[in-house]
Colleague: 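One structure is given below, represented as structure tokens, and several questions about it will come after.
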Amino acid sequence: MEELVIRDADVVDGSGGPSYRADVVVDRGRIVSIVQEAAAAGCQRPKARRELDAEGLVLSPGFVDMHAHSDLALLRDPDHSAKAAQGVTLEVLGQDGLSYAPVDDRTLGEVRSAIAGWNGSGDDIDFDWRSVGEYLDRLDRGIAVNAAYLIPQGTVRALVVGWEDREATPAELDRMRALVAEGLEQGAVGLSSGLTYTPGMYARDAELTELCRVVARYGGYYCPHHRSYGAGALEAYEEMVALTREAGCALHLAHATMNFGVNRGRAPELLSLLDKALAEGADISLDTYPYTPGCTTLVALLPSWASEGGPEAVLARLADDATAERIRHDLEVVGADGCHGVPVEWETIEISGVAEPALADHVGRTVRETADARGEDPWTTARRLLLGDRLGTTILQHVGHEENVRAIMRHRVHTGGSDGILQGAKPHPRAYGTFPHYLGHYVRELGVLSLEECVAHLTSRPAKRLRLPDRGLVREGYRADLVLFDPETVAAGSTFEEPRTPPTGIPHVLVDGRFVIEDGRRTDVLAGRAVRRTG
């Protein structure tokens, strides 16, 4: 007898088609039978060792977080309710060009320091891997939800070229191509870049094109955090479309937003650009989070020249008064490339987390608010934070526009990604609320998307991008990565004031046919594994 029958569920199967009522039978990690209500009237209903009454609940495929920063959180915190409670059953890691494989001893330390604001210092982690394959093997020991991995281009460049702003030599480019090929052979699904982060931002288009040619040969995709989401945003999108077209590589645009005052109401221009490329045969998809503020590290705002050489070089420049004044001028007057070419508005920069406990009083206030309270100028406050926190400060950037968010999420190649940074005392609520916020706010309350459309955005579309032949749909033979939610009550509990509040209306989540969330509570099941590139 099979393990589980989910009885009388309203199945929204991920295809975008209409829902239907059915009994769904799960056994050994797979969906083995789907008996729709009409068929059940004329035959014996399926039985199993356990029955779950799903009356009033929607059954859908588990949600895929196409842009996650859980690279260490999955190892550090087996509970991982931040994502599991949202119905997420698969996360894509290795984002924004910086993560922890492939590395050697030198670059591991550098990367840990550079992205401590994203993932913590890692002092509580046994870094017993160096290659992509070894990292995926580490995930295979058991994690809360499944995870796929993008090779981080910035990490590859740090390993081969270093943190200097210069072109790679032919020999260095050959080695980077070999590392990307090796990572793809070991199971990575593609390549990411952080083109406003060092050292990835130092790569010219020709270098990126050559790496994308390798990705294309393996059937992966390129996922850039491109060169600007502010001034020059459309040009930056055009650059990525042209680059991947030349390389023959699929393109997935990370957190595809149009931010800052210069881009208010300009989402239709972006969508027109994408529609034209799609009509010409380009393979493009994108992800967004359903919120207006962004989230990154405070050091990320600095001009690229100030970040050359790695974290210790940045700290040395900040400590020098004359160099710090140059940084301030670029930030406040010119518009640093790290701040997307827009002069920084300190009243939009809210401190969300610090690594140094003595600086905790800054959290939850903007840089300008803290500066005013101290009677100093904002750059003095920001500089003191960067030095005292050794670049570990995370921020929210209140620079988005609701009309752009809604327009982009309606697009036919849109998928969902939280871009969720789990560090800090007051992280962005998207880390704990992205997927129920889509379902509760944008589907039920606003009607921006229908339920069936939204579920497709969060399930089958990302599975198609990841080329997963047995995930993303409620189908017989597919993996039983499933979520049951109440369409009348599902909502994000997380807010900017209380960002770690769990969602409501998601009582059950299954990974590989096993309950990771049951009756709204996290079980001790660690059914997640690395999902490797296939084909």
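Just the heavy atoms: all of them, side chains too, but no hydrogens, waters or symmetry mates, feed the values below.
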Colleague: Side-chain donor-acceptor pair under 3.5 Å between Asn263 and Asn404, yes or no?
Modeller: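 The answer is no; no qualifying pair exists.
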Colleague: Who passes salt bridge (Lys or Arg N to Asp or Glu O under 4.0 Å) against Glu269, sequence neighbours left out?
Modeller: Arg266
Colleague: Cys223 and Gln95: which non-hydrogen atoms are nearest, and at how many Å?
Modeller: SG-OE1, 3.6 Å
Colleague: Go through the structure and list residues passing salt bridge (Lys or Arg N to Asp or Glu O under 4.0 Å) with Glu239, not counting sequence neighbours.
Modeller: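 Applying salt bridge (Lys or Arg N to Asp or Glu O under 4.0 Å) to Glu239 gives Arg227.
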Colleague: For His252, give me all partners under ring-ring contact (aromatic ring centres under 6.0 Å, His included), at least two apart in sequence or on another chain.
Modeller: Tyr221
Colleague: Tell me if a side-chain donor or acceptor on Arg112 pairs with a main-chain N or O of Ser121 at a distance below 3.5 Å.
Modeller: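 Yes, Arg112 side chain to Ser121 backbone: donor-acceptor pair under 3.5 Å.
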Colleague: For Arg328, is there an ion pair with Asp377 - N to carboxylate O distance below 4.0 angstrom?
Modeller: no
Colleague: Is it true that Thr504 and Thr489 share a donor-acceptor pair across their side chains at a distance under 3.5 Å?
Modeller: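 No.
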Colleague: Between the main-chain N or O of Tyr149 and the side-chain N or O of Arg533, is there a donor-acceptor pair closer than 3.5 Å?
Modeller: no
Colleague: When you measure from the side chain of Asp389 to the backbone of Leu391, do you find a donor-acceptor pair of N or O atoms at a distance under 3.5 Å?
Modeller: no
Colleague: Nearest 0.5 Å, please: how far is OH in Tyr222 from CD1 in Ile284?
Modeller: 13.5 Å
Colleague: Of Leu90, Val145, Thr89, which meets side chain to side chain contact (heavy atoms under 4.5 Å, CB included) against Asp481?
Modeller: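 The passing option is Thr89.
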Colleague: Would you say the side-chain atoms of Trp379 and Glu325 include a donor-acceptor pair closer than 3.5 Å?
Modeller: no
Colleague: Does the ring of Tyr289 carry Arg430 above it, NZ/CZ under 6.0 angstrom from centre and within 45° of its axis?
Modeller: yes
Colleague: Using salt bridge (Lys or Arg N to Asp or Glu O under 4.0 Å) as the criterion, list what pairs up with Arg384, not counting sequence neighbours.
Modeller: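 So Arg384 forms a salt bridge (Lys or Arg N to Asp or Glu O under 4.0 Å) with Glu376.
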Colleague: Could you tell me how the ring of Tyr197 sits relative to the ring of Trp118: parallel (under 30°), tilted (30 to 60°) or perpendicular (over 60°)?
Modeller: perpendicular
Colleague: Using side-chain heavy atoms (C-beta onward) and a distance below 4.5 Å, is Pro427 in contact with Leu396?
Modeller: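 Answer no - side chains too far apart.
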Colleague: Can you list every salt bridge (charged side-chain N to carboxylate O under 4.0 Å, His left out) pair that touches residues 283-304, not counting sequence neighbours?
Modeller: Asp283-Arg465
Colleague: Determine, for Arg204 against Asp165, whether the closest basic-nitrogen to carboxylate-oxygen distance falls under 4.0 angstrom.
Modeller: yes
Colleague: I need the full list of salt bridge (charged side-chain N to carboxylate O under 4.0 Å, His left out) pairs touching residues 299-308, with sequence neighbours left out, sorted by first then second residue.
Modeller: none
Colleague: Taking only residues two or more places apart in sequence, or in another chain, which ones meet Asp361 in a side chain to side chain donor-acceptor pair (under 3.5 Å)?
Modeller: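 Not a single residue meets the side chain to side chain donor-acceptor pair (under 3.5 Å) criterion with Asp361.
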Colleague: Within the distance-only criterion (no hydrogens, no angle test), does the side chain of His411 pair as donor or acceptor with the backbone N or O of Ile408 below 3.5 angstrom?
Modeller: no
Colleague: Identify which one of Thr198, Asp337, Thr196 satisfies the side chain to side chain donor-acceptor pair (under 3.5 Å) criterion when paired with Ser304.
Modeller: Asp337
Colleague: Once you round to the nearest 0.5 Å, how far does CD of Gln423 lie from OG of Ser352?
Modeller: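 Interatomic distance, Gln423 CD to Ser352 OG, rounded to 0.5 Å: 10.0 Å.
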Colleague: If the condition is ring-ring contact (aromatic ring centres under 6.0 Å, His included), which residues does Phe485 pass it with, not counting sequence neighbours?
Modeller: none
Colleague: With a 4.5 Å cut-off on side-chain heavy atoms, are His414 and Arg461 touching?
Modeller: yes
Colleague: Would Arg326 pass as a cation-pi partner of Trp305, given that its NZ or CZ must be under 6.0 Å from the six-membered ring centre and within 45 degrees of the axis?
Modeller: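 Yes; both conditions hold, so Arg326 lies above the ring face of Trp305.
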Colleague: What verdict does the side chain to side chain contact (heavy atoms under 4.5 Å, CB included) test give for Thr297 and Ile395, after you've listed the backbone C-alpha separation in whole Å, the side-chain angles of each residue and the deciding distance to 0.1 Å?
Modeller: CA-CA 6 Å; Thr297 55; Ile395 61 170; over 6 Å; no
Colleague: Could you tell me whether a side-chain N or O of Ser113 sits under 3.5 Å from a main-chain N or O of Glu110, the two making a donor and an acceptor?
Modeller: no
Colleague: Only one of Leu286, Thr288, Asp96 passes side chain to side chain contact (heavy atoms under 4.5 Å, CB included) with His255; say which it is.
Modeller: Asp96
Colleague: Sort and list the pairs that fulfil salt bridge (charged side-chain N to carboxylate O under 4.0 Å, His left out) and have at least one residue in residues 436-458, not counting sequence neighbours.
Modeller: none
Colleague: Do Thr459 side-chain atoms and Val455 backbone N/O form a donor-acceptor pair below 3.5 Å?
Modeller: yes
Colleague: Can you name the residues that form a side-chain contact (heavy atoms from CB on, under 4.5 Å) with Thr495, not counting sequence neighbours?
Modeller: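 Here the qualifying residues are Glu497, Glu498.
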Colleague: Any donor-acceptor pair under 3.5 Å linking the side chain of Thr155 with the backbone of Ser99?
Modeller: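 Yes, the answer is positive, given that a donor and an acceptor are paired below the 3.5 Å cut-off.
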Colleague: Please determine whether ring-ring contact (aromatic ring centres under 6.0 Å, His included) holds for the pair Phe260 and His401, giving the CA-CA distance in whole Å, both sets of side-chain angles, and the decisive distance to 0.1 Å.
Modeller: CA-CA 8 Å; Phe260 302 91; His401 308 289; 8.6 Å; no
Colleague: Check Val516, Val88, Leu75, Leu74 against His80 for a side chain to side chain contact (heavy atoms under 4.5 Å, CB included) and give me the one that passes.
Modeller: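 Going through the options one by one, the only one that passes is Leu74.
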Colleague: My understanding is that only residues two or more places apart in sequence, or in another chain, count here; which of them pass salt bridge (Lys or Arg N to Asp or Glu O under 4.0 Å) with Glu403?
Modeller: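 Glu403 satisfies salt bridge (Lys or Arg N to Asp or Glu O under 4.0 Å) with no residue once adjacent residues are dropped.
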Colleague: Return yes if a side-chain donor-acceptor contact under 3.5 Å exists between Glu91 and Ser70, otherwise no.
Modeller: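 The answer is yes; a qualifying pair exists.
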Colleague: Check for a donor-acceptor pair, side chain of Arg317 on one end and backbone N or O of Thr323 on the other, with a separation under 3.5 Å.
Modeller: no
Colleague: Please report the interatomic distance CG(Leu211) to CD1(Ile151), rounded to the nearest 0.5 Å.
Modeller: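 Rounded to the nearest 0.5 Å, the CG-CD1 separation comes to 9.5 Å.
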Colleague: I'd like to know if the side chain of Arg383 and the backbone of Leu318 have a donor-acceptor N/O pair within less than 3.5 Å.
Modeller: yes
Colleague: Calculate, to the nearest 0.5 Å, the distance between atoms CD1 and CD belonging to Ile517 and Gln86 respectively.
Modeller: 10.5 Å
Colleague: Please round to the nearest 0.5 Å and tell me the distance separating atom NE2 of His69 and atom CG of Leu98.
Modeller: 9.5 Å
Colleague: Judged by atom type as modelled, is there a donor-acceptor pair below 3.5 Å linking the side chain of Tyr135 to the main-chain atoms of Asp71?
Modeller: yes
Colleague: Name all residues meeting the side chain to side chain donor-acceptor pair (under 3.5 Å) criterion together with His428; count only those two or more places apart in sequence or in a different chain, and write none if there are none.
Modeller: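 Expected list: none.
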Colleague: Which distance, rounded to the nearest 0.5 Å, do you find between the CG of Leu473 and the OG of Ser460?
Modeller: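 So the gap between those two atoms works out to 5.5 Å.
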